[in-house]
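This report concerns only the one structure given below.
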Amino acid sequence: MNTIRHGDAMLTDWRDTAARFQCEVGKAVVGQERAVRLVTIAIFARGHVLLEGDVGVGKTTLLRAVARALGGAYERVEGTVDMMPSDLIYHTYLADDGRPRVEPGPVLRKAEDLSVFFFNEINRARPQVHSLLLRLMAERSLTAFNREYHFPDLQVFADRNRVEREETFELPAAARDRFLMEIGMEAPRDAQARRDLVFDPRFHDTDALVEAIEASVIDHAAVSGIANAIQHSIKASPEIEAYVVALWEALVRPAEAGIRLPGVDMTALIKGGASPRGLAFLVRAARVRAWLEGREFLVPEDIRDVFPEVMAHRVFLEPVYEMRRETIVPGLIRAVFETVPAP
């Protein structure tokens, strides 16, 4: 690929690379085409990703495949209830000579070359760990050993399961807002895909699946520059801009928009969220989708397609409705789409 060229030709080359990336990652998972597509959008929108779903649906396999195909320095940690923030920065041990040693932890081990940081079972880690991760995600920097470390190419990928509640810690709103997307994963419903997962031995060896993926399909060090070019090349018409603002208004003030949901007091539903930063993330993701579709302008479907994964986790409900979030928020988003006319 000739990265010296600029403009449309360069973006076309990268679109082909993105398609190859999706194809490679798709080899490791079955029936998760949408999740793979959304992760690809997040990469070129330079956003962090949280996957959630039941145990054993392939969250970890997908993220391992993404890390391999994306390339760059890679680190992975497993969330545990006894993990402390310092465990991410350094670890101490007794060397063979009996003297204590201090070595960099997973965040600093690859120093500023770190490209992919995979936090497995993030909801098992304590809030103190989430706070450190929040700064890493928000600022892509960290202070340790009397110096400032910067991670310009870093993307954080995390997963959590929504089944177990014991010895788990819910991510605070500020930390969740730092994820560009929260992508839900379920077992595929296609009958053939289910048979393949159960009976095809190829899908029983995760290590072999990941190793079979072409490594470093994407030049990770160039993604930031390409992401910036995408944002400047995909245009939004005044009608699309008005549409996005109208969706925002209906989402945060559903009662005023005339939206009604069964068994819900719409005037007391929304506690907060859906901030300007969230809308900016929405537009970033929509522009990447338009680019992947080969267009130079946004259409309503670009906005609607990424809206649930970008915006749902940024809608904070009053406590009385929070336990019903999994049904209320999707219903609210559908009602917003039905209420706000598309241009």
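To the nearest 0.5 Å, the span separating CD1 on Ile328 from CD1 on Ile333 amounts to 12.5 Å. Interatomic distance, Thr60 OG1 to Phe118 CZ, rounded to the nearest 0.5 Å: 4.5 Å.
Put simply, the side chain of Asp159 gets close to the backbone of Glu121: a donor and an acceptor are under 3.5 Å apart. Looking at Arg314, its side chain does come within 3.5 Å of a backbone N or O of Asp177 through a donor-acceptor pair. In this structure, the side chain of Arg284 engages the main chain of Ala45 through a donor-acceptor pair within 3.5 Å. Between the side chain of Trp291 and the backbone N or O of Ser233 there is no donor-acceptor pair closer than 3.5 Å.
Between Phe117 and Phe119, the ring planes are perpendicular. Angles over 60° get that label, and only those under 30° would be called parallel. Ring geometry, Trp14 versus Phe44: the interplanar angle exceeds 60°, so the pair is classed perpendicular (tilted spans 30 to 60°).
For residues 315-324, the side chain to side chain donor-acceptor pair (under 3.5 Å) pairs, not counting sequence neighbours, are Glu322-Arg325.
Within a 6.0 Å sphere centred on CG of Asp97, heavy atoms belonging to other residues, nucleotides or ligands number more than 12. Crowding of Tyr90 atom OH: a count of heavy atoms from other residues, nucleotides or ligands under 6.0 Å not exceeding 12.
Note on Arg160 versus Glu170: salt bridge recorded, some NZ/NE/NH1/NH2 to OD/OE distance being below 4.0 Å.
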